[in-house]
Protein chains: 2
Amino acid sequence: MVQLQQARLDASFAALSDVTRRGILERLGQKDASITELADRFRMTLTGMKKHVSVLEHAGLVTTEKVGRVRTCRLGLRRLEQEAAWIESYRQLWSARFDELDRIVEGLVQEKTTHDRNTTVSPTS
Amino acid sequence: MVQLQQARLDASFAALSDVTRRGILERLGQKDASITELADRFRMTLTGMKKHVSVLEHAGLVTTEKVGRVRTCRLGLRRLEQEAAWIESYRQLWSARFDELDRIVEGLVQEKTTHDRNTTVSPTS
DNA sequence: CGTACACTGAACCATATGGTTCAGTTACAA
DNA sequence: TTGTAACTGAACCATATGGTTCAGTGTACG
């Protein structure tokens, strides 16, 4: 199950790692579109666009339905919950880590101050 | 500049699309580590781990410093702000899109109800 | 000094990715 | 029925990815 989640994260982060696919998602956020419309907009062949859509579909970010000749693409049911959660937990980890470093540095400064106070009283010039 | 941001997103989403690299980030969130320590933990060669670290470093997610023989890896300065922002804006887009669909569906239901009311008064059996 | 350790670069390998062209198949339209 | 438009699968291509081995280089330590 953890493996499944990891595979899911693998697939969707990989899907998001391409500027064209992020563009497709934004475009589909406005309105559903056919393969042809998407291919025109992103200036590539139908076959190329089909591949991108397949990647997004495999990641669960897009669903498609073919009626007649035309396949209509729309946003999938997934809202990137797990991806947002991973990033959020990373951000918290990051903050905690750097807060800790801050405390350590502060501790060192404190220590040094104390040390200085002990050693700088009445300097014997 | 937009291109630069897109390249940044490309690089960091790609960096996050590997389960080992996400593991490395989580590990470094606990404590800094050398290449050897990371390689041991993730059961791969030093060379292989070096490559992963390089990818993370290139994405700005990790910084390294070599002192003596050992290269110490720590979390980079980037907190995935842009990545979190992209995902968040996508989630809002997604919500807006589906709210709109809800309204459309509701509209249709409303229409149908009205129609039913108009047509089902005193059914002539 | 000699040895072992930590890393690094080059080369290699299999597979994946992002794109293309070409040759279909199916469906709408004149 | 004869196009033609929309898609699709197969094959191909260049490059990237995730890993390895091998052969170093530089550093610590006894």
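Every chain is numbered from 1, with letters handed out A, B, ... down the list of sequences. Note that the structure is predicted; figures quoted are calculated from it, not measured.
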N-O pairing of B:Asp32 and A:Arg97 below 4.0 Å: yes

Given atom [atom1] of [X] and atom [atom2] of [N], what is their separation to the nearest angstrom?
{"X": "B:Asp40", "N": "C:dC5", "atom1": "CG", "atom2": "C1'", "answer": "12 Å"}
{"X": "B:Asp18", "N": "D:dT17", "atom1": "CG", "atom2": "C1'", "answer": "9 Å"}
{"X": "A:Met49", "N": "C:dG19", "atom1": "CE", "atom2": "C1'", "answer": "12 Å"}
{"X": "A:Leu16", "N": "C:dT17", "atom1": "CG", "atom2": "C1'", "answer": "16 Å"}
{"X": "A:Asp10", "N": "D:dG18", "atom1": "CG", "atom2": "P", "answer": "9 Å"}
{"X": "B:Met44", "N": "D:dT17", "atom1": "CE", "atom2": "P", "answer": "15 Å"}
{"X": "A:Glu65", "N": "D:dA6", "atom1": "CD", "atom2": "P", "answer": "18 Å"}
{"X": "B:Phe13", "N": "D:dA16", "atom1": "CZ", "atom2": "P", "answer": "21 Å"}

Side chains of [X] and [Y]: do they bring a donor and an acceptor to under 3.5 Å?
{"X": "B:Ser12", "Y": "B:Glu83", "value": "yes"}
{"X": "B:Trp86", "Y": "A:Glu26", "value": "yes"}
{"X": "B:Glu57", "Y": "B:Thr63", "value": "no"}
{"X": "B:Arg79", "Y": "A:Ser95", "value": "yes"}

Would you tell me if any nitrogen or oxygen in the side chain of [X] comes within less than 4.0 Å of OP1 or OP2 on [N]?
{"X": "B:His52", "N": "D:dT17", "answer": "no"}
{"X": "B:Arg69", "N": "C:dA4", "answer": "no"}
{"X": "A:Lys50", "N": "D:dG9", "answer": "yes"}

Sugar-phosphate, base or nothing in reach of B:Gly48, heavy atoms under 4.0 Å: base

Touch class at under 4.0 angstrom, heavy-atom based, for B:Ile35 against every strand present: sugar-phosphate

Earlier contact from the 5' end, DNA chain C, for A:Gly68 and A:Arg43: A:Arg43

Which nucleotide sits closest to the side chain of [X]: [options]?
{"X": "B:Val70", "options": "C:dT20, C:dA6, D:dT20", "result": "C:dA6"}
{"X": "B:Arg71", "options": "C:dT8, D:dG18, C:dT20", "result": "C:dT8"}
{"X": "B:Leu46", "options": "C:dA6, D:dA6, D:dG19", "result": "C:dA6"}

Donor-acceptor pair present, B:Thr47 side chain and C:dG9 base, under 3.5 Å: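 Looking at the base of C:dG9, it does pair with a donor or acceptor on the side chain of B:Thr47 (distance under 3.5 Å).
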
